[in-house]
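Computed over heavy atoms, backbone and side chain alike; hydrogens, waters and symmetry mates excluded.
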Amino acid sequence: MSGAPRYRFAPSPTGFFHVGGARTALYNWALAQRTGGTFVLRIEDTDESRNSPEWTRGIIDALAWLGIDSSSPAFEGPHFQSANAALHVEAAMRLWREGHAYWCDLTPEQVQERARESGRQGYDGYSRDRGLEPGPGRVLRFRVPEGVTVVEDLVRGRVEFSNDTIEDFVLLRGNGTPMFLLANVVDDIEMGITHVVRAEEHLPNTPKQQMLWRALGQPAPVWAHVPVLVNEQRKKLSKRRDKVALEQYRDEGILPAAMVNYLMTLGWAPAGDTEIVPWERIVEEFRLEDVNHSPAFFDVKKLLAFNGDYIRMMDPAGFIDACAPVLAATDLWPASRFDAECFTAIAPHVQTRVAVLGEVPAMVDFLFLPDAPLDDASWDKAMSADFAREILVDMASGLVDCEWSAVAIKGVLDAWCERTGVKLGKAQAPVRVAITGRSVGPPLFESIEVLGREASLARLRSALGRLD
RNA sequence: GCUCCCAUCGUCUAGUGGCCUAGGACACCACCCUCUCAAGGUGGCGGCACGGGUUCGAAUCCCGUUGGGAGUGCCA
């Protein structure tokens, strides 16, 4: 065993990959990368039946999307906690033999009853000195020593817990199965974990775990409890009310680099005046000691802004490639009508106009539909202009034999504007609606060029017909 | 209730006793650019929760108040 640090990451078994978990994973990964350490993935559930292969697969896919590559030498796992049950029980028995734990035959109801009578919280240590042997229905409890437990935390500093506020917690259930807390520590020791970087919500449990490490004869790992992610109500992100599944953002067309960069700026900031920085710089600069102490609001608006920046940073070909999945998945047009060349031609114009890839299909659908997708509000507004009919007639004739380029097409409209004195900004509106169906979208003349002469003329005539 | 954590613009943050008249980013507003919408450019709005100390000097250190949050299972 070398001295290289080993960082444990354990996603909470929720059925999806939580954005908060994603950030913690990134912290661990960045640290492992910089220090030459190892990122140890652990699936933590003492109940094997809940460790579904799909869930594990999903975790690994999500991590890969974030750039945490399971085939990297720095990546280890997944380890399944439930596979180590025998080891957990063995450790518990050792703690009992050495006097660090004792058996208790009280039922949960009896424990509650005693607490109610004495007016004190939790278990009162009733069986501490009764010298009970193991037996069915009996739980093994840890004998919390007197004194104070000091947790040295890399982000919080020194945190003290008076041991008399910690009850003798259960290690082994009445049915003999190990509790999470025990399993966790035994696995950490077994896997040589040196750094535990996780969400702040685990801080109150830390003294218990640290006592377990000591009782098992091991020096505690380095702890780091990072602040939780909250919603606008300043409450911990919840599955019910908040959008917390990483997969959902991925499916909507958030770029992994943008998500990674944004997540890293929650509770931390790279040096300098810009927060948009490549992963390499994050690896170089990120320090747990610099992580903020207070909860951070997960701001989707800012995520979108980051994503827009990342979209614009892509080269045109890269953008086109990135759009492929959303274009293939859309049901806005029949798949057979999609034309890759058309999309390639219009792509640079949509690249500056979207914040997520998911917006792309709706912006170019008019190119792949037989007719302009009609938006009534846009139509009513644009066609109410008194020159609407006139301009459509003029374009319908002008486009018949003009040179087929965006500039030439613009020239036709410019000429009309010159004759009538109508501003181009006004004059383009009815044409835009006739061609694209909407009042907003990519630049008009390029759109017409890409659409083609025949289709454009057909749409102008069809709009004219509709005007009557 | 008990234990623990936290407190800089609306939001995310920089700041570790003098470089602070508190810097940046997102959002918002205005202007410029412009065929719509964006993008881009320029500028603006806006903050150290409160009260006491310590110090020549406090956003920064200490105490208290208030306000938030988390944990409190024979769950993980």
Side-chain angles (χ1 to χ4, degrees), chain A residues 10 12-14 44-47 50 81 104 106-108 111-112 119-123 137-141 151 153 155-156 159-162 164-167 169-181 183-184 199-207 225 227-228 230 232-236 262 265-276 290 292-299 301-306 308-309 311-312 349-355 363 378 382 406 409-410 413-414 417 423-429 431-433 436 438-447:
Chain A
S12 55
T14 42
E44 289 187 343
D45 206 318
T46 53
D47 180 351
R50 281 180 300 208
Q81 186 148 74
C104 176
L106 256 35
T107 64
V111 170
Q112 261 184 27
R120 303 221 354 241
Q121 290 285 307
Y123 180 72
R138 292 183 177 178
V139 299
L140 185 69
R141 286 183 179 270
V151 173
D153 189 288
V155 349
R156 319 247 146 213
V159 185
E160 284 190 24
F161 297 84
S162 177
D164 54 26
T165 64
I166 302 171
E167 65 174 353
F169 51 97
V170 174
L171 263 19
L172 251 30
R173 299 189 184 90
N175 66 6
T177 57
M179 289 286 285
F180 162 76
L181 216 59
N184 211 11
E200 184 188 11
E201 61 205 77
H202 296 284
L203 185 54
N205 264 333
T206 308
H225 289 89
V228 292
V230 297
E232 47 280 271
Q233 276 83 237
R234 302 250 115 213
K235 297 267 199 289
K236 197 169 76 167
Y262 175 64
T265 65
L266 257 24
W268 179 79
D273 274 351
T274 172
E275 297 177 315
I276 305 283
D290 297 335
N292 241 28
H293 295 184
S294 41
F297 170 47
F298 186 82
D299 187 355
K301 266 190 169 173
K302 190 160 179 179
L303 203 214
L304 255 26
F306 270 52
D309 278 356
I311 284 179
R312 268 162 252 124
H349 300 292
V350 341
Q351 192 171 355
T352 57
R353 269 158 253 260
V354 293
M363 195 164 284
S378 298
I409 295 164
K410 179 167 185 289
L413 227 202
D414 278 337
C417 288
K423 291 262 197 248
L424 187 58
K426 295 264 184 205
Q428 59 89 36
V431 183
R432 177 180 292 279
V433 173
T436 72
R438 303 196 189 84
S439 54
V440 300
L444 215 212
F445 309 113
E446 281 80 357
S447 295

Engineer: Please determine, for the side chain of A:Arg173, which listed nucleotide (B:G68, B:U36, B:A76) has the closest atom?
Structural biologist: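 The closest nucleotide is B:A76.
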Engineer: Checking base pairs now: Watson-Crick or wobble, both atom distances under 3.5 Å. What partners B:G64?
Structural biologist: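 Because both required distances fall under 3.5 Å, B:G64 counts as paired with B:C50.
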Engineer: Nearest to the side chain of A:Val440, which nucleotide is it out of B:C5, B:C37, B:A76?
Structural biologist: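 Among the listed nucleotides, the one closest to the side chain of A:Val440 is B:C37.
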Engineer: Please test A:His293 against A:Val155 for side-chain contact (heavy atoms from CB on, under 4.5 Å), starting from the C-alpha separation and ending with a verdict.
Structural biologist: CA-CA 7 Å; A:His293 295 184; A:Val155 349; 4.3 Å; yes
Engineer: Ignoring hydrogens, what is the shortest heavy-atom contact between A:Ser378 and A:Val433? Give both atom names and the distance.
Structural biologist: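 Of all heavy-atom pairs spanning A:Ser378 and A:Val433, the closest is O-CG2, 3.8 Å.
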Engineer: Which listed nucleotide (B:C5, B:U36, B:A76) is nearest to the side chain of A:Pro443?
Structural biologist: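 Of all the options, the side chain of A:Pro443 is nearest to B:U36.
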Engineer: Output the rounded distance in Å from CG (A:Leu304) to P (B:A25).
Structural biologist: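 From A:Leu304 CG to B:A25 P: 19 Å.
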Engineer: Using Watson-Crick or G-U wobble geometry with both distances under 3.5 Å, which nucleotide pairs with B:C26?
Structural biologist: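 In the structure as shown, B:C26 has B:G10 as its Watson-Crick or wobble partner.
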Engineer: Pull out every protein N or O sitting under 3.5 Å from an N or O of nucleotides 39-49 of chain B, one pair per line with the distance.
Structural biologist:
unit_1 : atom_1 : unit_2   : atom_2 : d
B:A39  : O4'    : A:Thr352 : O      : 3.3

Engineer: Rounded to the nearest 0.5 Å, what separation is found between the CZ atom of A:Arg432 and the CZ atom of A:Phe445?
Structural biologist: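 CZ of A:Phe445 is found 8.0 Å from CZ of A:Arg432.
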Engineer: Taking the side chain of A:Glu275 as its heavy atoms from C-beta onward, which of B:C12, B:C35, B:G69 lies nearest to it?
Structural biologist: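 Of B:C12, B:C35, B:G69, B:C12 is nearest to the side chain of A:Glu275.
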Engineer: Looking at every strand, decide which applies to A:Leu444 at a 4.0 Å heavy-atom threshold: base, sugar-phosphate, or nothing.
Structural biologist: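 Base contact - A:Leu444 has a heavy atom under 4.0 Å of at least one base atom.
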Engineer: Taking pairing as Watson-Crick or G-U wobble with both contacts under 3.5 Å, can you name the mate of B:G73, or confirm there isn't one?
Structural biologist: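 When the pairing criteria are applied, nothing turns out to pair with B:G73, so the answer is none.
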Engineer: Could you please name the option among B:C6, B:A76, B:C35 that lies closest to any side-chain atom of A:Leu424?
Structural biologist: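 When the side chain of A:Leu424 is considered, B:C35 is the closest of B:C6, B:A76, B:C35.
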Engineer: Run the side-chain contact (heavy atoms from CB on, under 4.5 Å) check on A:Arg156 and A:Glu200 step by step: do they pass?
Structural biologist: CA-CA 10 Å; A:Arg156 319 247 146 213; A:Glu200 184 188 11; 3.4 Å; yes
Engineer: Walk me through it: do A:Met179 and A:Val139 pass the test side-chain contact (heavy atoms from CB on, under 4.5 Å)?
Structural biologist: CA-CA 10 Å; A:Met179 289 286 285; A:Val139 299; over 6 Å; no
Engineer: State which of B:C26, B:A76, B:C74 makes the closest approach to the side chain of A:Ala305.
Structural biologist: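 In terms of side-chain proximity for A:Ala305, the closest of B:C26, B:A76, B:C74 is B:C26.
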Engineer: On a whole-Å scale, what distance lies between the C1' atoms belonging to B:G17 and B:U55?
Structural biologist: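 Their C1' atoms lie roughly 9 Å apart.
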Engineer: For A:Arg312, is the CZ atom crowded, meaning more than 12 foreign heavy atoms sit under 6.0 Å from it?
Structural biologist: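 More than 12 heavy atoms, drawn from other residues, nucleotides or ligands, come within 6.0 Å of this atom.
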Engineer: Does A:Arg156 have a side-chain nitrogen or oxygen under 4.0 Å from the phosphate oxygens OP1 or OP2 of B:A70?
Structural biologist: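 The answer is no; no side-chain N or O of A:Arg156 sits under 4.0 Å from OP1 or OP2.
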Engineer: Please list, pair by pair, any protein nitrogen or oxygen found under 3.5 Å from a nitrogen or oxygen in nucleotides 71-73 of chain B.
Structural biologist:
unit_1 : atom_1 : unit_2   : atom_2 : d
B:G71  : OP1    : A:Lys236 : NZ     : 2.9

Engineer: Quick one: does A:Lys302 reach the base of B:A25 with a side-chain donor-acceptor pair under 3.5 Å?
Structural biologist: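 Donor-acceptor pair under 3.5 Å: yes.
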Engineer: Between A:Arg141 and A:Val170, is a side-chain contact (heavy atoms from CB on, under 4.5 Å) present by the stated rule, with each step listed?
Structural biologist: CA-CA 4 Å; A:Arg141 286 183 179 270; A:Val170 174; 3.7 Å; yes
Engineer: Categorize A:Phe161 for me: base, sugar-phosphate, or nothing, with a 4.0 angstrom heavy-atom threshold over every strand shown.
Structural biologist: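 Counting heavy atoms under 4.0 Å across all strands, the contact made by A:Phe161 is with sugar-phosphate only.
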Engineer: Quick one: which of B:G69, B:A14, B:C35 gets closest to the side chain of A:Asn292?
Structural biologist: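 Given the options B:G69, B:A14, B:C35, the side chain of A:Asn292 is closest to B:A14.
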Engineer: Using the side-chain heavy atoms of A:Phe306, tell me which of these nucleotides is nearest: B:A76, B:A25, B:U11.
Structural biologist: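 Among B:A76, B:A25, B:U11, the one nearest the side chain of A:Phe306 is B:A25.
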Engineer: For B:G47 versus B:C9, give the span between their C1' atoms, rounded off to a whole number of Å.
Structural biologist: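 To the nearest whole Å, 4 Å.
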Engineer: Which is true for A:Lys235 with a 4.0 Å heavy-atom rule: it touches a base, it touches only sugar-phosphate, or it touches nothing?
Structural biologist: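 Sugar-phosphate only.
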Engineer: Measure the shortest side-chain to side-chain distance between A:Gln351 and A:Ile311 over non-hydrogen atoms and say whether it is less than 4.5 angstrom.
Structural biologist: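 A:Gln351 reaches A:Ile311 side chain to side chain.
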